[in-house]
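Working notes, structure below.
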Amino acid sequence: MSAVLSPSVSLADVSVRRMDSVCGDDPRFWCRTLLNATDNRTLATLGDTIIGTPLRILGILLIAFIANRLARRGVRTLLARLQPGALQLPGRIHRRRRGVDEDGAPAARSRPMASVLASTGENNLRSEQRMDALSGVLRSIVSFVIGLIAGFMVLGAVGIDLRPLLAGAGIIGLAVGFGAQSLVKDFLSGIFILVEDQFGVGDIIEIDVDAAGTVEQVSLRTTRLRAVDGTVWHVPNGQIAKVGNKSQLWSRSLLDVEVSYDTDIEHAKEVIQAAADQVWKEKDSVLEQPDLWGVEALGASGVTLRLVVKTTPAEQWRISRLLRERIKAAFDKAGIEIPFPQQTVWHRPAEDPAAP
């Protein structure tokens with residue numbers, strides 16, 4: 001320090017140059033502090049390596065841990081708001097119950113459809129399944145992303161150049177993306193199926209790939225169905241272009257009853273309506289009074305009358321079978337004929353060739 005400095009170089013310039021030569025272009029706190037305090041190159045370098053780098057790594061890991069916990073809790077809170085389902089329960093759907101009003105006519109004491117599903121536990125179970133599946137996936141994704149960022153920051157803290165690593169990771173990701181396009185499509189479709197609540201375990205659905213049945217499992221990659229004949233279908237979610245859910249919120253039993261042409265239509269409608277109303281009064285799975293729409297078609301053998309009944313989810317087939325039994329018994333009692341195919345054949349004798 002006793003050397004005479006050049007008139008063109010100041011003391012501040014010498015200090016900056018020394019700081020750059022010891023601590024690098026980006027001097028860190030511990031290296032800069034120890035160098036200013038001791039003016040010892042070796043001590044400043046060792047202090048930054050022994051104290052500064054571990055503290056930086058510890059700080060990165062601590063911040064990553066806190067961010068991971070907050071993000072996972074935020075995912076859980078966000079999904080809890082979606083718990084009732086993407087499809088809101090309509091307020092006008094009511095469940096009818098037997099009773100008698102002031103005029104002595106059958107009255108309908110009703111309660112919202114949401115309470116009907118809540119009483120059976122179906123809505124809660126469905127929501128819990130959706131939330132568990134989605135939260136597990138999204139929380140894993142969040143933890144992976146935060147861990148990956150923290151790992152790169154730790155590597156940068158120990159002095160490893162991240163540019164080759166990032167370039168290599170980009171190339172690998174591009175190759176994996178091209179090679180696993182169908183897998184990525186399946187996963188994304190599975191996430192949207194769960195988020196939008198298109199169907200869930202226990203629903204009866206029909207998929208455009210000629211597969212129909214009861215949903216047994218919904219994962220991010222595949223959906224498993226069991227058909228009515230016992231066949232198990234495994235359908236990749238990416239191949240599901242459209243799906244029909246036959247048991248979401250409520251179902252409808254649709255019956256076409258055929259009577260002969262010589263039957264009094266109004267009398268037949270009264271008999272059908274009375275039989276359907278009796279089922280409505282007896283079965284809690286019938287949500288509303290059956291509605292007889294009227295003449296649906298004029299066929300070759302008879303007149304078709306259409307009856308519709310709103311039921312609880314997946315109960316339409318059982319109610320339809322019961323209605324057919326009751327309507328058949330009511331027709332037999334009222335003397336109404338159920339038509340069957342008939343043909344009228346005209347026999348024309350051949351002409352006598354000997355006749356003039």
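Only heavy atoms go into these numbers, but all of them, side chains included; no hydrogens, no water, no symmetry mates.
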Start with the C-alpha gap between T263 and V303, add the side-chain angles, then the distance that decides, and say whether side-chain contact (heavy atoms from CB on, under 4.5 Å) holds. CA-CA 9 Å; T263 301; V303 180; over 6 Å; no
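- In this structure, V228 is not a member of the same hydrophobic cluster as W233, with clusters built from ILVMFWY side-chain heavy atoms closer than 4.5 Å.
- Across all their heavy atoms, D203 and S247 have their closest contact at CA-OG, 3.3 Å.
- Heavy atoms of other residues, nucleotides or ligands lying less than 6.0 angstrom from CZ of R318 number more than 12.
- With rounding to the nearest 0.5 Å, the separation of CZ in R326 from CD1 in I319 is 9.5 Å.
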Please output the side-chain donor-acceptor pairs of residues 164-187 that fall under 3.5 Å, not counting sequence neighbours, one pair per line with the distance.
| from | atom 1 | to | atom 2 | distance (Å) |
| --- | --- | --- | --- | --- |
| D186 | OD1 | G238 | N | 2.8 |

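- W293 is not listed as a side-chain neighbour of L305, based on a closest heavy-atom distance of 4.5 Å or more.
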Let's go through S253 and Q316 carefully: what are the C-alpha distance in whole Å and the side-chain angles of both, what is the deciding distance for side-chain hydrogen bond (donor to acceptor under 3.5 Å, both in side chains) to 0.1 Å, and is it a yes or a no? CA-CA 5 Å; S253 173; Q316 65 268 37; over 6 Å; no
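- We find the OG1-CZ distance between T77 and R72 to be 12.5 Å, quoted to the nearest 0.5 Å.
- Two residues are said to be in side-chain contact when any heavy atoms from C-beta on lie closer than 4.5 Å; L225 and I207 meet this criterion.
- Electrostatic pairing of D332 and K328 counts as a salt bridge here, judged by a charged N lying under 4.0 Å from a carboxylate O.
- Cluster annotation: L292 and F331 are assigned to the same hydrophobic cluster (Ile/Leu/Val/Met/Phe/Trp/Tyr, side-chain heavy-atom contacts under 4.5 Å, transitive).
- Linking ILVMFWY side-chain heavy atoms closer than 4.5 Å, directly or via other members, places L61 and I149 in a single hydrophobic cluster.
- Between L298 and T304 there is no side-chain heavy-atom pair separated by less than 4.5 Å.
- Closest of all the heavy-atom pairs between T214 and G202 is CG2-O, 3.9 Å.
- The nearest pair of heavy atoms linking V215 to G200 is CB-O, 3.3 Å.
- Contact record, G302 with E258: N-OE2, 3.2 Å, taken as the closest heavy-atom pair.
- To the nearest 0.5 Å, atoms CG (L254) and CG (L307) are separated by 8.0 Å.
- In this structure, W250 and T312 have side chains that are not in contact, with every pair of non-hydrogen atoms separated by 4.5 Å or more.
- With contacts defined as side-chain heavy-atom distances shorter than 4.5 Å, the pair E206/V243 does not qualify.
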Between I205 and Q248, does a side-chain contact (heavy atoms from CB on, under 4.5 Å) hold up when you go through it step by step? CA-CA 9 Å; I205 65 173; Q248 194 168 51; over 6 Å; no
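- Scanning both residues, Q217 and V201, for their nearest heavy atoms gives CA-CG2, 4.3 Å.
- Separation of atoms OG (S189) and CZ (R221) is listed at 12.0 Å; rounding is to 0.5 Å.
- Under a 3.5 Å cut-off, the side chain of T231 and the backbone N or O of A227 do not form any donor-acceptor pair.
- There is a path of hydrophobic side-chain contacts, each under 4.5 Å, that joins L194 to I141.
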Step by step, work out the side-chain contact (heavy atoms from CB on, under 4.5 Å) result for W317 and I204. CA-CA 12 Å; W317 294 285; I204 301 173; 3.3 Å; yes
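- Both L155 and I60 sit in one connected hydrophobic cluster of ILVMFWY residues. Membership requires side-chain heavy atoms under 4.5 Å apart, directly or through other members.
- For R252 and E288, the salt-bridge test fails: no basic side-chain N is under 4.0 Å from an acidic carboxylate O.
- Other residues, nucleotides and ligands contribute only 12 or fewer heavy atoms inside 6.0 Å of the CZ atom of F65.
- The salt bridge (Lys or Arg N to Asp or Glu O under 4.0 Å) pairs that include a residue from residues 225-245 are E216-R226, where partners are two or more places apart or lie in different chains.
- Panel note: side chain T222, backbone N237; no donor-acceptor pair is recorded below 3.5 Å.
- P290 and D277 get closest at one heavy-atom pair: CD-OD1, 3.7 Å.
- Contact check for W280 versus V309: no side-chain heavy atoms found under the 4.5 Å cut-off.
- In this structure, CD1 in I146 is found 4.5 Å from CG in N68, a value given to the nearest 0.5 Å.
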L287 vs T311, side-chain contact (heavy atoms from CB on, under 4.5 Å): CA-CA, chis, key distance, verdict: CA-CA 5 Å; L287 300 177; T311 69; 5.5 Å; no
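- Once rounded to the nearest 0.5 Å, the distance linking NZ of K310 with CD of E315 reads 16.0 Å.
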Determine, stepwise, if the pair S140 / S143 fulfils side-chain hydrogen bond (donor to acceptor under 3.5 Å, both in side chains). CA-CA 5 Å; S140 299; S143 298; over 6 Å; no
